[in-house]
Amino acid sequence: MTWWLALDTSDDEIALNWVQQLAGLVDGFKIGLELVSAAGTSIVGKVVEAGLPVFLDVKLADIPNTVQLAAANYARLGANFLSVHASAGRAMLTAAVEGAGDACGVLAVTVLTSLTRIQLDEVGFAGGPAVTVTRLANLASAAGCRGVVCAAQEAAIVRRVDPNLLRVTPGIRWEEDANDQARVSTPEAAIGGGSQVLVVGRPITGTTDHVEKARQLNQRLVQIGNVATPIGEDVTPQPPAISPEQRAAALAKAGEARRVRAEVKELLKIGSITFAELLARADTDATIGGLKVATVLASMPGTGKVKAKRLMETHTIAGNRRLRGLGERQRGALLEEFS
Ligand code: C5P
């Protein structure tokens with residue numbers, strides 16, 4: 001289990017004091033809108049110097065192009081994670097992942113932990129948090145996001161959607177009141193629910209004995225069988241241990257996926273399926289959706305590797321992009337190309 005401290009203050013000196021005092025007790029730091037709007041983006045580099053993962057929680061939501069360029073700028077500051085609102089849509093999520101690049105993982109905020117079911121309904125997300133989180137986690141997964149921010153109550157849903165999405169959970173409370181958070185949980189409930197990273201702010205920073213509170217949280221985590229990640233260690237979730245039967249089943253599944261992909265490439269080459277048909281199948285079939293765009297393009301009749309590379313460059317498609325991760329603009333351009 002990993003936990004990150006939310007450096008929520010408008011005073012950069014206070015924030016850097018917390019970093020100095022708590023660096024040996026936490027697994028990472030979160031810089032949110034309050035701090036970055038007061039101290040400016042130069043604060044990021046100063047926190048990065050502590051050598052722990054840094055999550056820049058600026059919750060971007062804008063048109064894809066703007067977010068892509070902003071994400072690239074933020075990533076250059078050295079943050080390891082950057083947040084965007086999943087509700088801003090597939091194209092924006094894809095653009096954010098593209099802009100942030102490999103060194104900075106995009107975390108898609110699903111439903112804010114401060115929102116109640118009624119408030120969620122008010123803004124047009126009918127069906128409650130579970131329905132909304134399912135939809136948004138699917139989008140985050142398809143766009144190649146590194147993880148999602150979700151309440152503990154929805155962590156299990158996210159795991160079902162895509163176990164590779166890192167599940168980051170704020171709204172952690174123990175003895176203090178809930179402040180403005182609506183869907184809160186204790187560290188134990190969050191871990192039990194499937195959260196992998198706890199984000200803790202006021203229960204520690206809002207007290208006068210924050211070092212002691214951080215120690216207590218670590219003891220609590222140890223007691224429930226979760227040793228905190230050592231300083232500087234990557235927070236990448238480890239794959240669960242699997243039995244020989246599960247391994248054999250996984251290998252068989254991978255073999256089947258390879259066979260399907262090879263067949264699809266062959267069908268494309270001989271013109272038995274069109275690019276538009278393939279894209280439609282990619283939306284519903286994870287094996288097809290996982291095909292690399294570069295490979296697909298090179299398999300189109302009359303398009304070799306060289307033309308495929310040129311098309312990728314023209315439409316700013318990253319070399320490792322999969323079909324299901326294509327943005328709306330890129331899909332449109334390729335459909336036109338092969339219509
Ligand atoms: O003080 P507290 O522990 O409530 O801090 C929670 C932090 O997590 C805040 O910085 C808040 O901006 C952030 N956050 C959240 N809900 C989300 C995403 C981020 O509370 N869905």
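Just so it is clear, the values below take in all heavy atoms, side chains as well, and ignore hydrogens, waters and symmetry mates.
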S.K.: If you compare all heavy atoms of Glu98 against all heavy atoms of Ile317, which two are closest, and at what distance to 0.1 Å?
M.R.: OE2-C, 4.3 Å
S.K.: Restricting to pairs with a member in residues 293-309, which pass side-chain hydrogen bond (donor to acceptor under 3.5 Å, both in side chains), not counting sequence neighbours?
M.R.: Lys309-Glu313
S.K.: Let's go through Val296 and Leu323 carefully: what are the C-alpha distance in whole Å and the side-chain angles of both, what is the deciding distance for side-chain contact (heavy atoms from CB on, under 4.5 Å) to 0.1 Å, and is it a yes or a no?
M.R.: CA-CA 8 Å; Val296 168; Leu323 274 186; 4.1 Å; yes
S.K.: Would you list the pairs meeting ring pair (Phe, Tyr, Trp, His ring centres under 6.0 Å) in which at least one residue belongs to residues 293-312, sequence neighbours left out?
M.R.: none
S.K.: Can Ile118 be reached from Leu112 by stepping across I, L, V, M, F, W or Y side chains whose heavy atoms are under 4.5 Å apart?
M.R.: no
S.K.: Which residues pass the side-chain hydrogen bond (donor to acceptor under 3.5 Å, both in side chains) test with His85, not counting sequence neighbours?
M.R.: none
S.K.: Answer yes or no: is there a side-chain heavy-atom contact under 4.5 Å between Trp3 and Val199?
M.R.: no
S.K.: One pair to check against side-chain contact (heavy atoms from CB on, under 4.5 Å): Met312 and Val293. What are the steps and the verdict?
M.R.: CA-CA 8 Å; Met312 303 272 292; Val293 178; 3.8 Å; yes
S.K.: Kindly compute the distance separating CG (Asn73) from CD (Gln68), expressed to the nearest 0.5 Å.
M.R.: 11.0 Å
S.K.: Quick check on the hydrophobic clustering: are Leu69 and Val58 connected, directly or via other members, by side-chain heavy-atom contacts under 4.5 Å?
M.R.: no
S.K.: Working to the nearest 0.5 angstrom, can you tell me the gap between Arg167 CZ and Leu198 CG?
M.R.: 12.0 Å
S.K.: From Gln223 CD over to Arg220 CZ, what is the distance, rounded to the nearest 0.5 angstrom?
M.R.: 8.5 Å
S.K.: Kindly indicate whether the side chain of Arg173, heavy atoms from C-beta on, has any atom under 4.5 Å from the side chain of Pro203.
M.R.: yes
S.K.: Which pair of non-hydrogen atoms, one from Cys145 and one from Leu93, has the smallest distance, and what is that distance?
M.R.: SG-CD2, 4.1 Å
S.K.: Is Val106 close to Arg146 at the side-chain level, that is, under 4.5 Å between some pair of heavy atoms?
M.R.: no
S.K.: Is the backbone N or O of Val54 less than 3.5 Å from a side-chain atom of Asn80, with the two atoms forming a donor-acceptor pair by type?
M.R.: yes
S.K.: Give me the atom names and distance for the closest heavy-atom approach of Val97 to Ala143.
M.R.: CG2-O, 3.4 Å
S.K.: Please list all pairs passing the ring pair (Phe, Tyr, Trp, His ring centres under 6.0 Å) test where one or both residues lie in residues 102-141, with sequence neighbours left out.
M.R.: none
S.K.: Search all heavy atoms of Ala126 against all heavy atoms of Asp121 and return the closest pair with its distance.
M.R.: CA-OD1, 3.5 Å
S.K.: Answer with yes or no whether the hydrophobic clustering places Val211 together with Trp18; edges join I, L, V, M, F, W, Y residues whose side-chain heavy atoms lie under 4.5 Å apart.
M.R.: yes
S.K.: Less than 4.5 Å apart, any side-chain heavy atom of Leu120 and any of Pro129?
M.R.: yes
S.K.: Starting from the C-alpha separation in whole Å, work towards a yes-or-no answer on side-chain contact (heavy atoms from CB on, under 4.5 Å) for Val148 and Val168.
M.R.: CA-CA 6 Å; Val148 299; Val168 178; over 6 Å; no
S.K.: Answer yes if Ile14 and Val26 sit in the same cluster of Ile, Leu, Val, Met, Phe, Trp and Tyr residues linked by side chain heavy atoms under 4.5 Å apart, and no otherwise.
M.R.: yes
S.K.: Taking side-chain contact (heavy atoms from CB on, under 4.5 Å) as the criterion, tell me which of Thr2, Thr169, Leu166 meets it with Ser195.
M.R.: Thr169
S.K.: Between Ala6 and Gly201, which heavy-atom pair has the shortest distance, and what is it?
M.R.: CB-CA, 3.8 Å
S.K.: Write down the atom of Arg90, the atom of Leu326, and the distance for their closest heavy-atom approach.
M.R.: CD-O, 4.4 Å
S.K.: Do Val84 and Val109 make a side-chain contact, defined as non-hydrogen atoms from C-beta onward lying under 4.5 Å apart?
M.R.: no
S.K.: Leu217 and side-chain contact (heavy atoms from CB on, under 4.5 Å): which single residue from Ile172, Leu5, Ile204, Val222 fits?
M.R.: Ile204
S.K.: Using a 4.5 Å cut-off on heavy atoms from C-beta on, say whether the side chain of Thr132 contacts that of Leu136.
M.R.: yes
S.K.: Please round to the nearest 0.5 Å and tell me the distance separating atom CG of Asp8 and atom CD1 of Ile31.
M.R.: 10.5 Å
S.K.: Hey, can you pull the donor-acceptor pairs under 3.5 Å for the side chains in residues 153-160, sequence neighbours left out?
M.R.:
unit_1	atom_1	unit_2	atom_2	d
Gln153	NE2	Val184	O	3.2
Glu154	OE1	Arg183	NH1	2.6
Glu154	OE2	Arg183	NH1	2.9

S.K.: Any pair with a residue in residues 25-58 that passes ring pair (Phe, Tyr, Trp, His ring centres under 6.0 Å), sequence neighbours left out, goes on the list, sorted by first then second residue, please.
M.R.: Trp4-Phe55
S.K.: Are Leu165 and Val131 linked, directly or through other ILVMFWY residues, by side chains that come within less than 4.5 angstrom of each other?
M.R.: no
S.K.: Measuring from His210:NE2 to Thr205:OG1, what's the distance to the nearest 0.5 Å?
M.R.: 8.5 Å
S.K.: Just grab all the ring pair (Phe, Tyr, Trp, His ring centres under 6.0 Å) pairs involving residues 96-117, residues at least two apart or on different chains.
M.R.: none
S.K.: Return the set of residues passing side-chain hydrogen bond (donor to acceptor under 3.5 Å, both in side chains) with Ser141 (not counting sequence neighbours), or none when no residue passes.
M.R.: Asp162
S.K.: Testing the 3.5 Å rule here: is there a donor-acceptor pair between the side chains of Arg135 and Asn138?
M.R.: no
S.K.: Kindly indicate, with the supporting measurements, whether the criterion side-chain contact (heavy atoms from CB on, under 4.5 Å) is fulfilled by Thr274 and Leu278.
M.R.: CA-CA 6 Å; Thr274 64; Leu278 186 73; over 6 Å; no
S.K.: What donor-acceptor contacts under 3.5 angstrom involve side-chain atoms of residues 327-334, with partners at least two apart or in another chain?
M.R.:
unit_1	atom_1	unit_2	atom_2	d
Arg329	NH2	Thr316	OG1	3.2
Gln330	OE1	Gly327	N	2.9
Gln330	NE2	His315	O	3.4
Gln330	NE2	Thr316	O	2.9
Arg331	NH1	Asp283	OD1	3.3
Arg331	NH2	Asp283	OD2	3.0

S.K.: State whether the side chain of Thr314 and the backbone N or O of Arg310 hold a donor-acceptor pair below 3.5 Å, judged by distance alone.
M.R.: yes
S.K.: Only pairs at least two apart or in different chains count here, so list each side-chain hydrogen bond (donor to acceptor under 3.5 Å, both in side chains) that has a residue in residues 48-58.
M.R.: Lys30-Asp57, Asp57-Lys59, Asp57-Ser83
S.K.: Tell me, please, which residues at least two apart from Leu77 pass side-chain contact (heavy atoms from CB on, under 4.5 Å).
M.R.: Thr41, Val44, Leu56, Tyr74
S.K.: Who are the ring-ring contact (aromatic ring centres under 6.0 Å, His included) partners of Phe338, not counting sequence neighbours?
M.R.: Phe275
S.K.: So does Ala38 get a backbone contact from the side chain of Asp12, meaning a donor-acceptor N/O pair under 3.5 Å?
M.R.: no
S.K.: Are Leu25 and Leu22 side-chain neighbours, meaning at least one heavy-atom pair lies under 4.5 Å?
M.R.: yes
S.K.: If you measure from CG on Leu16 to CG on Leu35, what distance do you get to the nearest 0.5 Å?
M.R.: 7.5 Å
